[in-house]
Amino acid sequence: MVGLIMSSINKNAAQIRASVVSNKRVGQYHQLIINIGDLAGVCKPGNFVAINVGGENSRMVLRRAFAISRVSVSATFGGTMELIVAPHGQGSKWLCQQNEGAVLDVVVPLGKAFGIPTEPVQVLLVGGGYGSAPLFGLAETLNTRGCRVDMLLGASTASKIYAPMEGKRAVNSLRIYTEDGSMGQRGRVTEPISELIKDLNIAVIYSCGPMAMLSAIDEITRGTDVVHQCAVEESMACGIGICMTCVLPVADESGNVSMLRSCIDGPVMDGSFVQWDKVGKAL
Amino acid sequence: MVGLIMSSINKNAAQIRASVVSNKRVGQYHQLIINIGDLAGVCKPGNFVAINVGGENSRMVLRRAFAISRVSVSATFGGTMELIVAPHGQGSKWLCQQNEGAVLDVVVPLGKAFGIPTEPVQVLLVGGGYGSAPLFGLAETLNTRGCRVDMLLGASTASKIYAPMEGKRAVNSLRIYTEDGSMGQRGRVTEPISELIKDLNIAVIYSCGPMAMLSAIDEITRGTDVVHQCAVEESMACGIGICMTCVLPVADESGNVSMLRSCIDGPVMDGSFVQWDKVGKAL
Amino acid sequence: MSVVDLSTTLGNAWFPAPTFTASGCASSGRELAQFFNLRDMGGVVTKSVMMKARTGRPTPRMAETPSGMLNSIGLQGPGIDAFIAKDIPYLLEQKARIIVSIAGETVEEYSTLARKLRSVSGISAIEVNISCPNVENRGLVFACDPEASRRVIDGVRRTIGGELPIIAKLSPDVTDLVSIARGVVEAGADALALINTVLGMVINIDTMRPHLGGKTGGLSGPAIRPIAVRAVYQVHAAMPQIPILGMGGISSGRDALEMIAAGASGVSIGTASFGNPTAIMTIQNELKELLAEKGFTSLRQVIGYAHRPESE
Amino acid sequence: MSVVDLSTTLGNAWFPAPTFTASGCASSGRELAQFFNLRDMGGVVTKSVMMKARTGRPTPRMAETPSGMLNSIGLQGPGIDAFIAKDIPYLLEQKARIIVSIAGETVEEYSTLARKLRSVSGISAIEVNISCPNVENRGLVFACDPEASRRVIDGVRRTIGGELPIIAKLSPDVTDLVSIARGVVEAGADALALINTVLGMVINIDTMRPHLGGKTGGLSGPAIRPIAVRAVYQVHAAMPQIPILGMGGISSGRDALEMIAAGASGVSIGTASFGNPTAIMTIQNELKELLAEKGFTSLRQVIGYAHRPESE
Ligand SMILES: Cc1cc2nc3c(=O)[nH]c(=O)nc-3n(C[C@H](O)[C@H](O)[C@H](O)COP(=O)(O)OP(=O)(O)OC[C@H]3O[C@@H](n4cnc5c(N)ncnc54)[C@H](O)[C@@H]3O)c2cc1C
Ligand SMILES: Cc1cc2nc3c(=O)[nH]c(=O)nc-3n(C[C@H](O)[C@H](O)[C@H](O)COP(=O)(O)OP(=O)(O)OC[C@H]3O[C@@H](n4cnc5c(N)ncnc54)[C@H](O)[C@@H]3O)c2cc1C
Ligand SMILES: Cc1cc2nc3c(=O)[nH]c(=O)nc-3n(C[C@H](O)[C@H](O)[C@H](O)COP(=O)(O)O)c2cc1C
Ligand SMILES: Cc1cc2nc3c(=O)[nH]c(=O)nc-3n(C[C@H](O)[C@H](O)[C@H](O)COP(=O)(O)O)c2cc1C
Ligand code: FES
Ligand code: FES
């Protein structure tokens, strides 16, 4: 197995008021660019942010978590981060309505980032739906480390595939799967993985998307030497490790399973330690 | 005592989506012009509106009531109404933040309007704080009936006096009182009333403002022939007569006191029937 | 859109739709009739009526709270005789279906109210609001006392005979709701209304005193919905054969469906009407659409659905 | 700004400020220390610790509700030994004042936990969370059973000796909160913590089943604040000499003042910290400013203020 550099958590997290630089519709998603100043410099691929939603008189008392898709530092706006938001329920819909100049209450950066290989290896990135968002920033980082990056993206339908032009530059190959065949190949994004592992001599798979996708990838990598770094998505009440709502059953080196907080011991986890069959069950 | 034409209640009320035409700061208040289309034609001085506040995800479940200050019909905007809103708590502050184009959920027109004299008589209008708002529209109506209209306005300080230029045209005289003397005379608006009643031979006093002011006017008119039409302001949960929160102790002709709903049996009431000493007490 | 049968029953009373006003949140019905036809909803549950006219509690009677409100009305009303003389004929004229809510200060008073109503025709059911202080027992609320609850319902049952369904309305402010529910069902209630408001208080930070004239008040609105859903679920789990009129914070078709899936056969809508005079009709329409979207053809199919094992 | 003395006491324990984390809403304290100094607030109330390590309830463990949330964590934790070995030393190192919350499944387990804590130095008080199912009595929650509540506190009192203040944390889900409060005070509680979460449920409209893995969960947040204020007011009215740690939906200095005026000597902040990691410090600062604005020079002047007659 390949060695990974893991970052320690939430050391740089801060609660800030951050203004929206732009809000653009991309397929069924909204791309939000948010000014976070110097904090952009300490965000790593896999980190997420927690945002207050609904404004001052909101009946929504909990923050919403969003994966940081990319960060950049520009002369005009200073440090910014990009989020890809699906208008799903009341909180995300509100966020998708925030336009240029709106000020958000943001805690950033949070959680464990993707582990980065200590040596240049072949890696496969697998994204489902908006789960592809953090993978493009990750691809760039991996590229600078000399890794060869191939990518698979899947979704139910074309408008739910997020694959920006600029992002593709960092990847060697990109294959798209949709369940209805409206873009790329018809089928599930997990179908070709087994073969690719062999063909491309993959050392690490990075994945982000629905839990069912992550668990299917784990099934494929189980028993192999391939490291599976997956970004999980559990309901989070606090995002900072104080509420214990976001737990997943994870084994330690000696096989003892405990309920780890996916906000603080994740969202990036080693897929082989997650007890996928026990998710949502009492231990 | 002079005869009054009373209007029947809520016959014309409708729930509509109405857009803000303009929002202008006037002293410590906001003047909001709202497009209500044809309903402007059925609003009478003394009617009020009930507005949803806080938007879609609001934790505020109750409407807020506002006196209709004036209505007008213009070629560009159709029928509009004007409100004078004091940014007080969370609901009114939210409303004061709504700018041109914002869409509000409004129930309009509500409540009993001011009774209008059947013959041309001398009347006195007394307003406290934003309570002056509906009095200017009323003054115009009274004018067209041939009444001579004098007006007294009071507030704690100059910035809480609402007295628009155009409004003054309909009144014969206007005197202003502030408690800190920052505008007009120093003192309470109720001080000169006794004298004015005699000097001007007042038949009806119309009042709108804090309950303490209304009750002080009642004390002055008690035992006289002067009719006191006052617009009361009690906490209202529904504004349409279904919750029984907005009640006031009011006597009927034979002296029996009952708790009347100020939203539907008011807000305009005959001050001499209101049992001011029993307000806020169990009967 | 496919046709969805929204009709429901509470005891032997049939209603074309499962949507009702909540007692005390529609006054006599006249005021809402300004905004929609009363006959278009399931029915009107009237304000709890007592023997004599009452002026109620001092103002302020309400305080808004996060996603809810407190009220302390204190059962202001005209008394049963005026109610029968004026309000019932009006509702009948509107062709509204009527559930009369009654409230008393003694066990005897409830029976007397029932006797007065027995001879009134056109009533679909009686809701017995037992969240009232029992003057014969240190003002302890009937609904908090299993024995007093039973006795009230027993008295009403005996007086009213076997025809008119009795709906016992319970308070959530109890340690063991299910045992109180069992008690009133054994005593003759055909259905249950859940939940009445939750006891609360707001202190006014300006006066530094309780804001309400009555000091404490009843909490209602979306804030209490999770408590109401739990109450309905618990009671339906214990007595699946007893119809429940569910209420507490319902303000959308989604909320109504949640309550029905928990076990309610009908829903009452209170506070939502204060914020939105047409709330009941909106909720009814949304519920119908939601059921159609999910492929259900009748309301009955979803009553208590949440109790089925996951596999179904 | 004039200086306001925010210090307060719970039993014989002194705190420089009246602001505490709520048990279960600050984990071990490390996570919040990222956002502010733990010693700057009144103190940390730790997550309820049990004898053995526990993995808790299945996920989903939370559901957002209007102005609130449901949780069903199921007391996940490392067990008392690991807690004493790891968490206490960390908090002491941070110079945080510590209130340890304990939870058991039997009366005996509470006493054993108290025995373990007796010899640990640096603890300010023990909060006894009796909102747990009693395995010896059909899983009936201790706090819903006056006799079991007493016995738990009595056992802890005997074990712990007379030094360490005992704070009994009660559930609002009871018919007669005051009598339960009286019982635990007679059994030796020096102070009371009010209120724990209110039992609730959310049904997921997609699956049409209870949303939480544990089916029911505890309702917290601003939605329940009026219930909490009422509970604190009622208990303070009955036993004005017993200090209360008030909680339930506090999210601003205004809310804290409301609770203190109702009778609380200190406040715990839970759900607000989820929405805002620095909530506790913001609330503490807002409270200080509010008191100064109103011309008070110390927190003690406003504890229970709302109980004074209007004329004062
Ligand atoms: C680590 C992490 C990263 C995420 N990244 C993204 C992203 O990049 N883009 C994006 O669109 N969304 C992302 N999400 C999901 C996002 O946080 C919200 O949950 C989602 O937008 C739905 O919230 P809502 O307010 O619209 O829905 P509501 O139904 O109003 O949500 C109610 C509550 O349930 C929770 N919830 C609902 N659905 C989910 C879900 N699928 N997963 C977790 N919690 C849920 C919400 O967080 C909220 O607390 C992420 C979640 C996590 C935990
Ligand atoms: C008939 C009538 C006419 C009114 N006309 C005007 C007007 O023209 N301009 C204006 O600025 N305001 C007017 N008000 C007051 C207005 O309805 C709001 O009460 C006020 O704006 C405070 O609401 P809030 O949301 O800002 O405060 P919050 O403190 O958030 O209000 C909480 C609750 O208390 C009620 N409340 C608070 N203060 C008052 C009060 N003084 N009177 C009655 N209820 C109160 C609110 O309606 C709300 O339900 C009127 C009220 C009534 C009943
Ligand atoms: C202003 C008001 C008055 C009420 N009056 C009564 C009443 O007279 N009788 C009764 O049984 N319930 C009464 N209730 C309780 C409601 O019928 C209902 O049980 C409760 O409000 C929960 O529903 P909601 O959240 O939809 O309002 C009243 C509630 C409110 C808000
Ligand atoms: C996620 C979560 C976990 C909790 N865990 C505990 C616990 O372990 N022990 C306890 O006594 N109370 C626990 N509580 C209850 C809180 O301490 C507090 O009594 C309640 O949440 C009300 O306060 P709030 O509205 O400020 O959150 C928990 C509450 C939440 C939301
Ligand atoms: S979201 Fe609160 S501990 Fe993870
Ligand atoms: S405000 Fe509801 S009856 Fe007047």
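No hydrogens, no waters, no symmetry mates; every other heavy atom, side chains included, goes into these values. Residue numbers start from 1 in every chain, and the chains themselves are labelled A, B, ... in the order their sequence lines are given, proteins ahead of strands.
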About how many Å separate CG of B:Asn57 and CD of A:Gln90, when rounded to the nearest 0.5 Å? 5.0 Å

Mind checking the CD-CD spacing from B:Glu56 to A:Gln97? Nearest 0.5 Å is all I need. 6.0 Å

Options A:Gly54, A:Ser58, A:Gly55, A:Gly91, ranked by heavy-atom pairs under 4.5 Å with chain B, top entry: A:Ser58

